[in-house]
A.B. asks: 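Here's a structure for you.
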Amino acid sequence: MLDIKLLQNNFDEISKKLKKKKVPEETLNELKEISIELKKERKKLEFLQAEQNNNSKMFKIYIKEKKNLDKHKIELLKNKEKIAELNGKVRELEEKLSKIANIVPNIPLESVPYGEDESENIELSLILAPPLFNFTPKEHWEIDNGWLDFKRGVKLAKSRFTVLKHDGAKLSRALINYMLDFNTKYGFSEVCVPFLANRETLRGTGQLPKFENDLFKIEDEDLFLIPTAEVPVTNLFQNEIIDQNELPIKITCYSECFRKEAGSAGRDTRGLIRQHQFSKVELVSIAKPEESEEIFNLMVNCASDLLTSLGLAHRKVMLCGGDLGFSAAKTVDLEVWLPGQNRYREISSISNTLDFQARRAKIRYKDGKKNRLVHTLNGSSLAIGRTIVAIMENFQCKDGTIKIPEILKDYM
RNA sequence: CGGGAGAUGGCAGAGCGGUUGAAUGCACUGGUCUUGAAAACCAGCGAGGGUAAUACCUCCGGGAGUUCGAAUCUCCCUCUCCCGGCCA
């Protein structure tokens, strides 16, 4: 959530920055006006409440003095009505405010480039050279080694579900274990969390209320399948005040992720790239504001080193404003080279949300006497499905077999 | 899913309908003492809003109600715990 006070005081600046994310100025204007009106009405209300409190206290004294109470009663009741009325007004304004505030995205950092979409992202660096082939490399779904059973996935659920078999299934499990171990060595501690989350949790990280259509909802329950482990892991700390000494908190977590992929009909319909369910190992950090940039870089390096350790060529890309997610102030994607597709594809995405999620989820830490909002960061270690794709395409042999990276041998 | 109990500050745990934002204990922070630490003693210590800082307002799971006044009474919801059934 935006800092409303900041919006009140630095309207032009914020409005300009949010243009990167295509937020219309009218929305911000409305937000500002409501917040100012709210402040005004609240002041009126509090004044009346103070008066009422005082008069109520007098009651005890009047009883002692055996004064006639009826007159005071009438007075108090009259005031009570006024308070109720104002209270309703204030509440209405609060609802109006939060309705809008909840759907305004985070402000991009200064360093985020302007741009409409993916095509205007900026390549930061290339790591490892793509492999050379003495034959035409296939796309992963063309490789007929019995790992991927698309038909049966559809039979069991529907399109965009896949069954992994044989070494494909094993590789998936090996990758999960390997990544968790890798991240642990990087200083992230492992957690295992529920794959279902309630509304408040999803609101905390920004999926709700705006993106309900992208989530699978459980019938007859106010629960949703998580779209990423970022949701439960970050919200582990919702409504908590963290001891300063415990920061930064660095967590890694494996989860299944569930996404409706509404609006991406027709895109990546073949293969493992875009599924309704996929495994992912996630990184989440809770940090003090002054250290969040450093942690961000650590997370990017952690994911990049992981790719390197698997021998996968990739590049780091800075997302432009138009391609930034709702909660992110800054995002670096890692794109892995896919020889079959002859292009780089996103396999990891690391974001700093600054205090945006912390404000929503009320995650704070004690700084001396004051409670301050933390910064929250999240990033894929790697998406498992896409890593399998990358391994299949990069390490395919002419005879259709796949060479498993050396480092995974112990995990298979 | 059926039966019972409960929901209060970081935790534990009091709280006749009227200075109770809330006793007490633990934890925590600062100080005295000590070579240092522990112990002991003294002091401070919930959150949000508001203010230059005070005032002041709101909050005792959530919502509605009774009352001049509610953490305290009534109703609804949610959640937790114990017992029983089912089950990895």
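Numbers restart at 1 for each chain; the letters A, B, ... are given by sequence-line order, proteins then strands. Note that this is a predicted model, so its numbers are computed, not measured.
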A.B. asks: Just by distance, with hydrogens left out, do A:Asp181 and A:Thr184 show a side-chain donor and acceptor under 3.5 Å apart?
C.D. replies: no

A.B. asks: Could you please name the partner base of B:G50, counting Watson-Crick and G-U wobble pairs only when both distances are under 3.5 Å?
C.D. replies: none

A.B. asks: Over how many whole Å does the gap from A:Gln8 atom CD to B:G50 atom C1' extend?
C.D. replies: 12 Å

A.B. asks: Between A:Leu45 and A:Lys366, which has a closest nucleotide on RNA chain B that is more 5'?
C.D. replies: A:Lys366

A.B. asks: When we call it a touch if two heavy atoms are under 4.0 Å apart, what does A:Arg199 touch: a base, just sugar-phosphate, or nothing?
C.D. replies: nothing

A.B. asks: Say whether A:Lys280 and A:Thr228, considering side chains only, have a donor N or O and an acceptor N or O under 3.5 Å apart.
C.D. replies: yes

A.B. asks: So, A:Arg274 side chain and A:Arg160 main chain: donor-acceptor pair closer than 3.5 Å or not?
C.D. replies: no

A.B. asks: Using the C1' atom as the reference point in each nucleotide, state the distance between B:A71 and B:G15 in Å, no decimals.
C.D. replies: 8 Å

A.B. asks: What's the CD-C1' distance between A:Gln49 and B:C59, to the nearest Å?
C.D. replies: 12 Å

A.B. asks: Can you find a side chain N or O atom of A:Lys44 that sits less than 4.0 Å from OP1 or OP2 on B:C56?
C.D. replies: no

A.B. asks: Expressed in angstrom and rounded to an integer, what is the separation of A:Asn239 atom CG from B:G9 atom P?
C.D. replies: 12 Å

A.B. asks: For A:Asn55, which contact category applies under a 4.0 Å heavy-atom criterion: base, sugar-phosphate, or nothing?
C.D. replies: nothing

A.B. asks: Describe the nucleic acid contact of A:Lys43 in one word from base, sugar-phosphate, nothing, applying a heavy-atom distance below 4.0 Å.
C.D. replies: nothing

A.B. asks: Between B:A64, B:C57, B:A47, spot the one nearest the side chain of A:Glu46, thanks.
C.D. replies: B:C57

A.B. asks: Is it the case that A:Ser349 and A:Asp333 place a side-chain donor and acceptor less than 3.5 Å from each other?
C.D. replies: yes

A.B. asks: Which listed nucleotide (B:A47, B:C57, B:G49) is nearest to the side chain of A:Arg42?
C.D. replies: B:G49

A.B. asks: May I ask which nucleotide in the shown strands pairs with B:G44, Watson-Crick or G-U wobble, both distances under 3.5 Å?
C.D. replies: B:C28

A.B. asks: What integer number of Å spans the C1' atoms of B:U32 and B:U80?
C.D. replies: 44 Å

A.B. asks: From the list B:G69, B:C57, B:A47, which nucleotide is the closest neighbour of the side chain of A:Asn371?
C.D. replies: B:A47

A.B. asks: Please classify the nucleic acid contact of A:Lys5 as base, sugar-phosphate, or nothing, using heavy-atom distances under 4.0 Å.
C.D. replies: sugar-phosphate

A.B. asks: Can you tell me how far C1' of B:U78 sits from CD of A:Glu200, to the nearest Å?
C.D. replies: 14 Å

A.B. asks: Heavy atoms from C-beta onward define the side chain here; which of B:U51, B:A47, B:U58 lies closest to that of A:Asn53?
C.D. replies: B:U58

A.B. asks: Could you verify whether a donor N or O on one side chain and an acceptor N or O on the other, from A:Glu230 and A:Thr205, lie under 3.5 Å apart?
C.D. replies: no

A.B. asks: Can you check the A:Lys78 NZ to B:U67 P distance for me, whole Å?
C.D. replies: 19 Å

A.B. asks: Only pairs with both distances under 3.5 Å count, Watson-Crick or wobble alike; so what is the partner of B:C75 in this structure?
C.D. replies: B:G63

A.B. asks: Reading RNA chain B from 5' onward, which residue's closest nucleotide shows up sooner: A:Gln52 or A:Ser56?
C.D. replies: A:Ser56

A.B. asks: For the residue pair A:Tyr178 / A:Ser309, report whether a side-chain donor-acceptor contact shorter than 3.5 Å exists.
C.D. replies: yes

A.B. asks: How far does the C1' atom of B:A22 sit from the matching atom of B:A14, given to the nearest Å?
C.D. replies: 10 Å

A.B. asks: Counting the atoms with a prime plus P, OP1 and OP2 as sugar-phosphate, which does A:Asp243 contact under 4.0 Å by heavy atoms, base, sugar-phosphate, or nothing?
C.D. replies: nothing

A.B. asks: Could you check how far OH of A:Tyr365 sits from P of B:C28, rounded to whole Å?
C.D. replies: 22 Å

